Each structure stands twice: as C-alpha cells, then as structure tokens.
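Before any comments, here is the structure.
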Amino acid sequence: MHSLIIFASGAGSNAKAIIEHFKKDGKAKAALIVCNVADAGVLDIARAEEIPFLITDRVKLKETMIIEQMRDCRPSLIVLAGFLLKIPETIIEAFPGKIINIHPALLPGYGGKGMYGHHVHQAVIDAGEKESGITIHYVNEHFDEGNIILQARCTVEGNEPLQLAARIHQLEHFYFPRTIEFLLDQTVTA
Ligand code: GAR
C-alpha cells in the first residue's frame, strides 16, 4: 500500500476527499498530516481518522527532524492540499519529484506569493475573467511554478468569491484524489 503525507493549513476539505477516496480504494493511506495552524479544521479530520499529525511553523519546517519524520513514513507522494507556507529547499531536495500541490486557479495566472484561497478568487473576479479552474503541479523552489500535471476549468458566474470557491472546491475534490491515484499507479511502493 502506498503511503501519503498531506500538508494542509485550513479546513482540510481536500485532505478529507483524498482520505475518503483511498479508504474506498485501498491503494494508499495518509501516514502523516503536517499543519502549521494549531486550530485548523484539518487537525479535526486527522483526529477523527486517527492519522498522526504534526504542527509545524516556518522555522521547524527547515529542521532536519521533520525530514526524518517524513522519511519514516516512506511516502510515495507528498501532497500539499491548501498548505500556505513555502516548502523549504531542504524538503524539496530530500523528496525529488514527489511533492505535488493544488492551486485554485489556472496557473501561470493568479499564482505566486500571497495568492491563496479567497485572494485568488477575488483577483480572478476583479480581472473580469470568464473562466477559472484548478492546477495540480509538481512543487519546485518557486511558488506555483513547478511542472503542471493537470488543469480543469469552470466558468466564473457572478462576482461572489465564495461562490467561485465552491465551484473550485468541487473540481478539486473530484480531480485531486484521481490525479494522486494516477501518479501512484506509476510509482513503485518504497
Ligand atoms: C484549496 O482551494 C486549495 O486549492 C487552496 O486552498 C484551499 C484549501 O481548501 N490552496 C491555495 O490557495 C494554495 N496557494 P481546503 O482546506 O478545504 O482543502
């Protein structure tokens, strides 16, 4: 069975969609959840699902201890599901080609530092875009610039960021677990 590490900072609806998908399918399990917000909803999901978690911050993320804890999980993939801190180069170098991120817009548009969650949706609406979507991509040392694995689109209707966020979440919950499964199918278990 493949092992996943999920990094998340928020409510964790993507983490939940991934966990539920692989509960049914049995190909993978979340071995660890890494979070930088002590009261984030994703930690309630970790507790309910009895998944080990650790709470980190910008400084701890750069320590070798976290890499050791991650290596102990022998992850096939490390999944950023709404994680808002930059992943340090030490982690990227320790897990080459194994870290993927989901971004709630069609990169290269509306990405980069400070572009997360509702900020992205507001910027898309303010620019008068007729279309938005999601991007699943590999993580490199620059925010939102790694090679793109998959994009999916939706129309932008009205000017309400929460409504756009809901449409984007629907796309994410469908495509993210399936993209992870596709990548796992091409990976030999450690
Ligand atoms: C998701 O929409 C994800 O694309 C976004 O945060 C949300 C997390 O929602 N990520 C970013 O904006 C990263 N730049 P969730 O906590 O309900 O999964």
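Atoms within each ligand, like the ligands themselves, are counted from 1 in listed order. Everything quoted here is computed from the prediction, not taken from an experiment.
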Open item on the list: I'd like to know if Ile168 contacts ligand 1, where contact means a heavy-atom distance under 4.0 Å to any ligand atom.
Closed with: no

TODO: Look at atom 16 (O) of ligand 1 and find which of Ala40, Ala17, Ser9, Gly12 reaches it with the closest heavy atom.
DONE: Gly12

- [ ] Around atom 17 (O) of ligand 1, find the nearest protein heavy atom and jot down its residue, atom name and distance.
- [x] Ser13 OG, 2.6 Å

TODO: Indicate whether any N or O donor in one side chain lies under 3.5 Å from an N or O acceptor in the other, for Glu145 and Asn140.
DONE: no

Open item on the list: Is it the case that the side chain of Arg167 and the backbone of Gln163 share a donor-acceptor pair, with hydrogens and angles ignored and the cut-off at 3.5 Å?
Closed with: no

Task: Within 45° cone and under 6.0 Å: Arg178 NZ/CZ vs Phe182 ring - done: no

- [ ] Before signing off on this row, confirm whether Glu172 and ligand 1 have an N or O atom pair separated by under 3.5 Å.
- [x] yes

- [ ] Tell me which protein heavy atom sits closest to atom 11 (C) of ligand 1, plus the residue, atom name and distance to 0.1 Å.
- [x] Pro104 CD, 3.5 Å

TODO: Can you pull out the closest protein heavy atom to atom 9 (O) of ligand 1? Residue, atom name and distance to 0.1 Å, please.
DONE: His169 NE2, 3.2 Å

Open item on the list: Tell me the protein heavy atom at minimum distance from atom 12 (O) of ligand 1, and give that distance in Å.
Closed with: Gly117 N, 2.9 Å

Task: Subset of ligand 1 atoms that lie under 4.0 Å from at least one heavy atom of Gly82 - done: 6 (O), 8 (C), 10 (N)

Task: Thr135 and Gln151: side chain donor to acceptor below 3.5 Å - done: yes

Task: Asp185/Lys27 salt bridge by N-O under 4.0 Å criterion - done: yes

- [ ] Number the atoms of ligand 1 from 1 as they appear, then name those within less than 4.0 Å of a heavy atom of Met115, with their elements.
- [x] 14 (N)

- [ ] State plainly whether the residues Lys23 and Glu20 are in salt-bridge range, i.e. N to O under 4.0 Å.
- [x] yes

Task: Side-chain touch Ile67/Thr90, heavy atoms, less than 4.5 angstrom - done: yes

